[in-house]
Amino acid sequence: EAQVTQNPRYLITVTGKKLTVTCSQNMNHEYMSWYRQDPGLGLRQIYYSMNVEVTDKGDVPEGYKVSRKEKRNFPLILESPSPNQTSLYFCASSSNLFGYDSPLHFGNGTRLTVT
Amino acid sequence: TQLLEQSPQFLSIQEGENLTVYCNSSSVFSSLQWYRQEPGEGPVLLVTVVTGGEVKKLKRLTFQFGDARKDSSLHITAAQPGDTGLYLCAGDPGNQFYFGTGTSLTVIP
């Protein structure tokens with residue numbers, strides 16, 4: 001089954017404790033992206049990747065890191081989480097950046113709480 | 001400032017009523033997509049509109065792309081409880097992919 005898999009689904013951590021949210025897709029998609037979703041603000045892009053070893057900042061990259069060493073994986077790293085990073089995070093992938101026949105496929109989300 | 005503004009932000013209606021959700025921008029888009037998101041899940045693509053003035057129908061849902069390709073609307077006829085969810089428009093004005101602010105729809109049986 002074609003899917004984007006994020007782990008974990010729920011994560012509670014404390015300020016400053018490094019964490020990684022994993023994302024993997026099995027569709028051989030070139031484009032992958034991370035979003036955070038906050039009430040009233042919609043989905044905001046954190047980072048995206050056009051292909052292996054190619055990453056770029058989205059709208060809200062501060063406090064986040066990503067890597068794309070393999071085509072299928074795109075982990076999101078919070079080196080020193082802070083309470084304002086408490087949010088619902090989504091990973092998504094697509095066959096290319098945007099196109100008529102290339103919708104974004106989303107994972108089921110990771111709800112992160114930083115205390 | 002949001003590139004794609006949706007209205008209304010919240011909508012609660014009775015089953016059987018009609019409704020329209022709007023997605024507006026000052027930027028021109030080559031195409032716009034509409035997604036629906038249910039609680040606990042990621043957004044799922046409903047439709048992509050490509051041509052200015054284009055109208056697409058998906059059962060009781062009608063999507064329209066503005067002539068100037070700066071706005072879009074989603075009209076639902078005879079809403080059902082299964083239509084409940086968060087509706088998001090999305091598009092790329094040329095440099096990055098953006099999502100709208102979202103419309104949370106609740107259809108009351």
Side-chain angles (χ1 to χ4, degrees), chain A residues 1-10 21 23-25 27 29-50 55-61 74 87-111, chain B residues 1-11 21-25 27-52 54 56 58 63 65 69 72 85-105:
Chain A
E1 180 188 353
Q3 59 185 5
V4 177
T5 304
Q6 288 178 235
N7 280 297
R9 287 295 305 272
Y10 301 92
V21 183
C23 174
S24 179
Q25 50 94 5
M27 295 167 279
H29 283 167
E30 293 183 352
Y31 178 83
M32 296 187 74
S33 181
W34 276 102
Y35 294 86
R36 60 178 288 174
Q37 187 172 35
D38 302 287
L41 297 176
L43 280 161
R44 293 180 294 167
Q45 191 174 56
I46 302 170
Y47 269 95
Y48 63 95
S49 170
M50 299 290 286
T55 63
D56 215 339
K57 295 178 181 179
D59 283 332
V60 288
F74 190 45
S87 187
L88 179 59
Y89 291 86
F90 285 100
C91 178
S93 73
S94 174
S95 56
N96 54 59
L97 174 58
F98 189 84
Y100 181 72
D101 59 352
S102 59
L104 279 171
H105 296 261
F106 284 85
N108 279 336
T110 295
R111 185 165 291 282
Chain B
T1 303
Q2 294 281 349
L3 190 68
L4 285 165
E5 294 281 353
Q6 286 185 239
S7 61
Q9 188 176 356
F10 298 97
L11 191 54
V21 175
Y22 299 93
C23 173
N24 295 297
S25 177
S27 298
V28 176
F29 292 82
S30 57
S31 60
L32 277 178
Q33 295 180 337
W34 283 93
Y35 289 79
R36 182 169 75 199
Q37 183 180 12
E38 300 188 18
E41 300 181 7
V44 175
L45 180 71
L46 294 173
V47 78
T48 302
V49 285
V50 180
T51 308
E54 180 179 6
K56 276 194 173 178
L58 191 66
F63 304 85
F65 201 11
R69 291 186 287 121
S72 181
L86 180 68
Y87 289 82
L88 296 156
C89 63
D92 175 8
N95 58 349
Q96 195 173 320
F97 196 68
Y98 291 93
F99 278 87
T101 46
T103 294
S104 180
L105 171 66

Chemist: Non-hydrogen atoms of chain A under 4.5 Å away: do they reach the side chain of B:Gln37, the backbone, both or neither?
Modeler: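 Contact with chain A: side chain only.
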Chemist: Between A:Gln6 and chain B, which part of the residue has a heavy atom less than 4.5 Å away: side chain, backbone, both or neither?
Modeler: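 No part of it gets close to chain B.
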Chemist: If you count heavy-atom pairs within less than 4.5 Å of chain A, which of B:Ser104, B:Gly40, B:Pro43, B:Gly42 leads?
Modeler: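 Top option by heavy-atom pairs under 4.5 Å: B:Pro43.
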Chemist: Measuring heavy-atom distances to chain B, does A:Arg9 have an atom under 4.5 Å in its side chain, in its backbone, in both, or in neither?
Modeler: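 Contact with chain B: side chain only.
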Chemist: Tell me, for B:Glu41 versus chain A, whether the close heavy atoms (under 4.5 Å) come from the side chain, the backbone, both or neither.
Modeler: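 Both backbone and side chain.
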Chemist: For B:Leu4, is it the side chain, the backbone, both, or neither that has a heavy atom closer than 4.5 Å to a heavy atom of chain A?
Modeler: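 Neither part.
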Chemist: Does any backbone or side-chain atom of A:Asp56 lie under 4.5 Å from a heavy atom of chain B? Answer side chain, backbone, both or neither.
Modeler: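 Nothing of A:Asp56, per the 4.5 Å heavy-atom cut-off to chain B.
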Chemist: Under 30°, 30 to 60°, or over 60°: which ring-plane class applies to A:His29 and A:His105, parallel, tilted or perpendicular?
Modeler: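 Because their plane-to-plane angle lies in the 30° to 60° range, the rings of A:His29 and A:His105 count as tilted.
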Chemist: For the pair B:Phe99 and A:Tyr35, name the ring-plane relationship: parallel under 30°, tilted 30 to 60°, perpendicular over 60°.
Modeler: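 Answer is perpendicular, since the angle exceeds 60°.
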Chemist: Hydrogens and angles aside, do A:Gln45 and A:Ser33 bring a side-chain donor and acceptor to less than 3.5 Å of each other?
Modeler: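 Looking only at side-chain atoms, A:Ser33 and A:Gln45 do form a donor-acceptor pair, the distance falling under 3.5 Å.
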Chemist: State, with a plain yes or no, whether a side-chain heavy atom of B:Leu105 is found less than 4.5 Å away from one of B:Val21.
Modeler: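 In short, these two side chains do not touch, never coming nearer than 4.5 Å.
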Chemist: More than 12 foreign heavy atoms under 6.0 Å from CZ of B:Arg36: is that the case here?
Modeler: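 Correct, the count exceeds 12.
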Chemist: Is the B:Trp34 ring parallel, tilted or perpendicular to the B:Phe63 ring (thresholds 30°, 60°)?
Modeler: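 Correct class here is tilted.
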